[in-house]
Amino acid sequence: MRRLGGSEVKTRERSAAGGGNGRQSVPAPNANGPAVGSRLPVAPRERKPALAALAVLLILVGALGATVMVLRAGNKVSVVEITADVAVGDKIPVSAMREVMVADGTDVKYIRWNQREDLATRWRAATNLTSGSVLVSSMITEKSDVLAPGKTLVGLSLKKGQFPSGLADGLTVAAYLVGNDVKSSTDSSATAGGTGGGSSPISDDLVIKDIDTGSNSSFGDGTETITVIADADDAGALATASAAGDVSLVLVPSKN
């Protein structure tokens, strides 16, 4: 019984030490991955925070630029449009203006609608303005004696019957030579709105610059002073005919 007992004690000791078969114990595998000591080494990831920040900044700038372009495309401003013909050098009355809307954000220097009062009092047409024109800065001037190249101002002293009624600044007229010699050859006379005796005009492209209807314009015999814009080549003939009282004006129909 002692041997058996001693043998049993030894067997238990060997079982506790090596499992009874002389083999060493193997650690259990890790439930979350491979066993400790079996992973391959991984190189640390290189971080570049400056490049990431630059990328984010470029994205924000692009989005902002696109937003500004969309807003500008839809942004409108009120500007001045001409509703009646205005001769070069003439003032532009408020009655010949109207408000229109155009896209903002362009390089065109439009005359804004809120500038119309200053435009009417201080500025003049730097060129012949036609109805429907949208005003820009190059079309106006502060000079009072501005004329297109090759043009000049001619003052005509005319009596009633030598020009048609209804003349106004900016209208286009033709000037015909009239007189006793011309009348006798054509059996006609100058009448209000008539062509007189000349078969061809001295000029058919005169623009009324000013009609002096004040008391100082009358010479006591019904003569009125009408200033016209004429070609420089026609100025001499017009002045000579006017001094002799041998010129008559005819209203030219509008081409519009």
Side-chain angles (χ1 to χ4, degrees), residues 82 84-93 96 123-131 133 139-256:
I82 297 300
D85 294 346
V86 180
V88 58
D90 284 353
K91 289 186 176 182
I92 307 171
W123 298 82
R124 297 173 181 266
T127 184
N128 290 326
L129 304 178
T130 58
S131 178
S133 301
M139 299 167 65
I140 59 175
T141 180
E142 287 186 290
K143 297 180 180 179
S144 60
D145 57 348
V146 62
L147 287 174
K151 296 291 185 177
T152 187
L153 295 177
V154 180
L156 304 177
S157 297
L158 304 174
K159 295 181 179 180
K160 291 183 178 180
Q162 290 182 285
F163 58 92
S165 60
L167 288 185
D169 295 355
L171 294 179
T172 301
V173 295
Y176 284 85
L177 183 64
V178 296
N180 292 330
D181 294 338
V182 178
K183 291 175 185 177
S184 61
S185 63
T186 59
D187 293 329
S188 61
S189 61
T191 58
T195 61
S199 59
S200 60
I202 302 174
S203 175
D204 60 356
D205 191 25
L206 303 175
V207 177
I208 302 295
K209 171 70 173 175
D210 179 67
I211 301 176
D212 192 349
T213 58
S215 59
N216 294 331
S217 66
S218 177
F219 294 92
D221 56 358
T223 301
E224 302 291 336
T225 300
I226 299 178
T227 303
V228 297
I229 301 174
D231 292 336
D233 295 338
D234 297 331
L238 286 169
T240 301
S242 174
D246 293 337
V247 64
S248 178
L249 299 183
V250 178
L251 184 62
V252 176
S254 175
K255 297 180 180 179
N256 295 333

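All values reported here derive from a predicted model rather than from experimental measurement.
- Summarising the geometry of Ala237 relative to Ile202, their closest heavy-atom pair is CB-CG2, 3.8 Å, with the distance given to 0.1 Å.
- Here the side chains of Ile211 and Glu224 are not in contact, with every heavy-atom distance at 4.5 Å or above.
- Evaluated for a side chain to side chain contact (heavy atoms under 4.5 Å, CB included) with Asp210, the options Thr227, Ile229, Thr225 yield exactly one hit, Thr227.
- Shown here for Thr172 and Val207, the closest heavy-atom pair between the two residues is OG1-CG2, 4.3 Å.
- Between Ile140 and Arg124 there is no side-chain heavy-atom pair separated by less than 4.5 Å.
- Residues Asp85 and Asn128 fail the side-chain proximity criterion, which asks for heavy atoms closer than 4.5 Å.
- A pairwise comparison of heavy atoms in Thr152 and Ala232 identifies CG2-CA, 3.9 Å as the closest pair.
- Residues passing the side chain to side chain contact (heavy atoms under 4.5 Å, CB included) test with Ala239, sequence neighbours excluded: none.
- Gly245 and Gln162 get closest at one heavy-atom pair: O-NE2, 3.1 Å.
- In this structure, Ser242 has no side chain to side chain donor-acceptor pair (under 3.5 Å) partners at least two apart in sequence or on a different chain.
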Verdict with supporting geometry, Val173 and Ile226, side chain to side chain contact (heavy atoms under 4.5 Å, CB included): CA-CA 11 Å; Val173 295; Ile226 299 178; over 6 Å; no
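- In this structure, CG in Leu238 is found 6.0 Å from CG in Leu156, a value given to the nearest 0.5 Å.
- Taking Asp90 as the reference, Val86, Ala87, Asp169, Lys209 meet the side chain to side chain contact (heavy atoms under 4.5 Å, CB included) condition, with sequence neighbours excluded.
- When all heavy atoms are compared, the tightest approach of Leu249 to Ala175 is CD2-CB, 3.8 Å.
- The minimum heavy-atom distance linking Ala174 with Val252 is given by the pair N-CG2, 3.6 Å.
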Derivation and outcome, side chain to side chain contact (heavy atoms under 4.5 Å, CB included), residues Leu129 and Thr127: CA-CA 6 Å; Leu129 304 178; Thr127 184; 3.9 Å; yes
